[in-house]
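Each chain gets a letter, A, B and so on, in the order the sequences are listed, and its residues count up from 1.
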Amino acid sequence: MKYNFKEIEQKWQRRWADQKTYNVTEDASRKKYYVLNMFPYPSGAGLHVGHPLGYIASDIYARYKRLQGFNVLNPMGYDAYGLPAEQYAIQTGQHPEITTNANIARYREQLDKIGFCFDWDREVRTCTPQYYHWTQWAFQQMYNSYYDTELNKAQPISKLVEKFRTQSFDGKSWDELSEKQQSDILMDYRIAFLGETMVNWCPKLGTVLANDEVVDGVSVRGGYPVVQQKMRQWCLRVSAYAQRLLDGLETIDWSDSIKETQKNWIGRSEGAEMEFKTKDGQSLTIFTTRADTIFGVTFMVLAPESELVGKITTSERRAEVESYVAETRKRTERERMIDKKVSGVFTGNYAINPFNGKEIPIYVSDYVLSGYGTGAIMAVPAHDSRDYAFAKHFNLPIIPLIEGCDVSEESFDAKEGTVCNSEFLNGLSVKAAIARTKEYIAEKGIGRVKVNYKLRDAIFSRQRYWGEPFPVYYKNGIPQMIPEECLPLLLPEVDKFLPTETGEPPLGNAERWAWDEASKAVVECSLIDGKTVFPIELYTMPGFAGSSAYYLRYMDPHNDNALVGEDADKYWQDVDLYVGGSEHATGHLIYSRFWNKFLYDIGVSCKEEPFRKLINQGMIQGRSNFVYRIKDTNTFVSLNLRKEYDTTPIHVDVNIVQNDVLDIEAFKAWRPEYASAQFILEGGKYICGWAIEKMSKSMFNVVNPDMIVEKFGADTLRMYEMFLGPVEQSKPWDTNGIDGCHRFLVRLWNYAEKAVDDREPSKEELKSLHKLIKKVTDDIEHFSYNTSVAAFMICLNELTALKSTNRRVMENLAVLIAPFAPHIAEEFWEMLGHDTTICDAQWPVLNEEFLKEDSIKMMVSFNGKTRFQMEFPADADKDTIEKTVLADTQTEKYLDGKPVMKVIVVPGRMINIVHQK
RNA sequence: GCCGAAAUGGUGGAAUGGUAGACACGAGGGACUUAAAAUCCCUUGGGCAUAGCGCCUGUGUGGGUUCGAGUCCCACUUUCGGUACCA
């Protein structure tokens, strides 16, 4: 019988679905293993061959763990809120939910064809009320919590209120404060809070824009002006967790590079906060990591957004300073980054150096950021390149502080050398000087040691429609949480997905979007009376809201009473293996670690770190093909002849090219303008050029997994994706090589059909089999699936050469290949007479005995140059080998009378004889 | 600029400090066939031989450690990711 992959794959996929083979339940008698893929955003383009790479890799691991007896949770779902569906809705009026569900259906269809062992009963979609109920719930928990810096964990806000009851606020007790005042004070502590943050605000579009949506100060969409503006936004106090996010990295098994990326992102720096007095008696606090350079401070700089600017500026300079601040406000952060022209303005005021009493001019410049440190710096042009550029531009003095450094051309930024020009610090190393200065400022009460983090609080609101609504309404401008028992607060229907005419977010279009406190229900906006009916928050949550705790929801996806039930959480604990792209290093992987730490603090998650081991799959790049058109003609010249002509390379659809040979007829039919194309061929063929590029429609290099499955089968696709190269490495997709994997499966099929022999396996068969067991087991543990695929091919060749027809060998082979090619493995399993699925089989146990050789062949080399081979009994020891080889006649020939200095014997590998040359 | 990863045949890629190029693709040759497809066999880093079946050379560049380096150390070049005035 021929290997009919289509029939086999359909049969098993149907059976797995019907029998719910991969559904799991909490089973205390078995050890758990939790495998997780970063869930996809279902885009309209569907999956290309790059997407399933990580899913296949984790599927192999999940199946392997299952064969080893683990109770494996391997769920899948969809990150369903997102901009593309909303944009499509704006253009067509089609509700994003319809688009999203259609895309999900298409994704599911594509995924199902590849034969994953997902437990689809646990599917989650972030846009369903059953799911976002718990996103809203978590937000409310964050609102009702503050970060206790002594206990170093989140605590109920009520504890903080208790504490405040014992304190006085400008002579008033807590209870004497107005509701508004209390709310404002607590807002500074809540983990989810309303804060004033700088955003790119586009008044015309009525929305906040991301940095890459703004070019040259105008919006990409529409070209409307964008300004930097402080806006009231929901924020998450991620920064409170900065140190724990840093410390947690030490406890998890992630690659060093991704840990490094997160460390840089968190950006811990130890320094000092120092207070400077101005000439007119005001105070100015700065942050520095180079306290040792205090004697080289020749000016101070404030960020334009700093509140101090207004206070410190003298009346003569006010007009100029204000115009500078207004100017910077028009520029986006991105513009300020790209255009690094030095700019700034003098405030007219001076600060006093607390160390030597010198007067230092205070400037305002946009190279100082308001969001970091205190928004003010002491400038040391000799030892900071930015200060140096500023000093040169404004002709300010530059005082070198390191012996022998040259600052005539550029600053000396390195933290090394011996300090000079610094009074009591002279002669110390930089390190010692930093330490000494810190002591000094503490003694004199000038400042204190301070740790700063780059990590900012996350802005948590968006002016969009397609996202989780905030379960919040406003009573006299004070936010109120919708009662927990009323969750989820459903996303309302709107007739337009754009901002309203008055510039409100899209939810402003909803008619029913007011909260009736009395009946605890959503009601018509027209009923708002300020007594019992109030407006509901119009913002929605950002994309990362729904993706920050989905791994917990998978543990208990149908629980209507909790995000995750205690039993389910105790059983599944955390994700053992997480697979996804490294592009999420500073987004999702930070947010969900933060989110999980919070849930850990409030006792919802039993593990502080959600993802124990992380594997970052590489990107699959596209391999584009080109044809070469001779300029101003419709004639195309083959790759190697193109130098003789003046040609333009044109992308050609990779699906009409095979092994770089163009299918000329298909090409003519591809586009009407090519119907009459002429060709200059080489050897009767048209050879295309190629390049590695991003896989995208515009490059015509997108390869679709359905097409591959149709042509070669899912098992071939799975094997080939793994065979392409290491999972973690980026590599180009080249459909050409897939034949090799398909041929292997055909040969394996033919081999399996002949495996009917019930006798004991021979020594050679066992050796070949156990070599494979060892290799595949090792490889799966280390995620080097590409060499496993090779090992299968080698093993099959060996067994074919042995003319093996042994059923027991075949049985083992079927189990070993099951993680990689599950459909064909199931078919083998059935052919071998089993009536259960192969998922219930046992992973073969390695017996090292079978791997032993009768004799060992060893290479003999002289001074590192290999010369000949010798054979020894398998149990020969080093001494015997050394004696035998030295007594050998060939050795004598190569030594040619020269004395032997040393003999190095590497057991089982080689012998190196070192002699005089 | 800073941080990270990498560089091996025509291509994708193998090699616990121990015979570099496993495995696969492509290419070339052969068998089978009226023919093609499919399948099978041989060759395939480069150079010189091939009557001597062996020799020389070779893992981005230059040094070093070692009996022995693709692998370890130092310096450099290039490529790809991430990040960007973080004081």
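- With both ends at atom P, the span from B:G17 to B:A7 equals 15 Å, rounded to whole Å.
- Going from the C1' atom of B:C53 to that of B:G63 covers 39 Å, rounded to whole Å.
- A side-chain N or O of A:Tyr751 and one of A:Ser804 form a donor-acceptor pair less than 3.5 Å apart.
- Using C1' as the reference atom, B:C56 and B:U66 are 24 Å apart when rounded to the nearest Å.
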Collect all protein-nucleotide pairs involving nucleotides 34-39 of chain B in which both atoms are nitrogen or oxygen and the distance is under 3.5 Å.
none

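- If you measure from atom CD of A:Glu693 to atom P of B:C80, you get 13 Å, rounded to the nearest angstrom.
- Applying the side-chain hydrogen bond (donor to acceptor under 3.5 Å, both in side chains) test to A:Gln658 and every residue at least two apart in sequence or in another chain returns nothing.
- The ring-ring contact (aromatic ring centres under 6.0 Å, His included) search around A:Tyr591 returns A:Phe544, not counting sequence neighbours.
- As rounded to the nearest Å, B:U11 and B:G47 have P atoms that lie 15 Å from one another.
- For RNA chain B, if you chain together Watson-Crick or G-U pairs that step i with j, i+1 with j-1 and so on, the runs of at least three with distances under 3.5 Å are B:1-7 with B:77-83, B:10-12 with B:23-25, B:26-31 with B:39-44, B:45-48 with B:54-57, B:60-64 with B:72-76.
- Rounded to whole Å, the C1' atom of B:G26 lies 11 Å from the corresponding atom of B:G12.
- The number of heavy-atom neighbours closer than 6.0 Å to NZ of A:Lys774, taken from other residues, nucleotides and ligands shown, is 12 or below.
- Rounded to a whole angstrom, the distance from the C1' atom of B:A6 to that of B:G64 is 23 Å.
- B:A31 and B:G70 are spaced 42 Å apart, taking the P atom of each and rounding to whole Å.
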Per-nucleotide protein contact along nucleotides 7-23 of chain B, 5' to 3', at a 4.0 Å heavy-atom cut-off (B base, S sugar-phosphate only, - neither), is -----BSS-B-B---BB

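- We find that CE of A:Met722 is positioned 18 Å from C1' of B:C25, with the value rounded to whole Å.
- The salt bridge (charged side-chain N to carboxylate O under 4.0 Å, His left out) test applied to A:Asp253 returns A:Lys613, not counting sequence neighbours.
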Which side-chain N or O atoms in residues 732-741 of chain A pair as donor and acceptor under 3.5 Å with protein atoms at least two apart or in another chain?
from, atom 1, to, atom 2, distance (Å)
A:Trp733, NE1, A:Thr735, OG1, 2.7
A:Asp734, OD1, A:Asn736, N, 3.1
A:Asp734, OD1, A:Asn736, ND2, 3.1
A:Asn736, OD1, A:Asn659, N, 3.1
A:Asn736, ND2, A:Asn659, OD1, 3.4

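- Distances shown here put a side-chain N or O of A:Tyr372 below 4.0 Å from the OP1 or OP2 atom of B:A87.
- Between the CG atom of A:Leu639 and the P atom of B:G26 there is a distance of 18 Å, given to the nearest Å.
- B:A5 atom P lies 19 Å from atom CD of A:Gln617, rounded to whole Å.
- Considering only residues two or more places apart in sequence or on other chains, A:Glu583 meets the side chain to side chain contact (heavy atoms under 4.5 Å, CB included) condition with none of them.
- Comparing the P positions of B:A75 and B:A20 gives a spacing of 29 Å, expressed to the nearest Å.
- In terms of position along RNA chain B, the nucleotide closest to A:Asn736 lies nearer the 5' end than the nucleotide closest to the other residue of the pair A:Asn736 and A:Gly267.
- A donor and an acceptor atom, one from each side chain of A:Asp779 and A:Ser788, are located under 3.5 Å apart.
- Looking at residues two or more places apart in sequence or on another chain, you find no side chain to side chain contact (heavy atoms under 4.5 Å, CB included) involving A:Ala801.
- Among residues two or more places apart in sequence or in another chain, the side chain to side chain contact (heavy atoms under 4.5 Å, CB included) test is passed with A:Gln869 by A:Lys857, A:Met859.
- The salt bridge (charged side-chain N to carboxylate O under 4.0 Å, His left out) check on A:Arg448 picks up A:Glu273, with sequence neighbours excluded.
- Applying the side chain to side chain contact (heavy atoms under 4.5 Å, CB included) test to A:Met619 and every residue at least two apart in sequence or in another chain returns A:Ser730.
- When rounded to the nearest whole Å, the span between CG of A:Leu745 and P of B:A24 equals 13 Å.
- Taking 90° from 0 as the syn/anti boundary, the base of B:G9 is oriented syn.
- Between A:Asp256 and A:Val661, the one whose closest nucleotide on RNA chain B sits nearer the 5' end is A:Asp256.
- Separating the CG atom of A:Leu302 from the P atom of B:C85 is a distance of 18 Å, rounded to the nearest angstrom.
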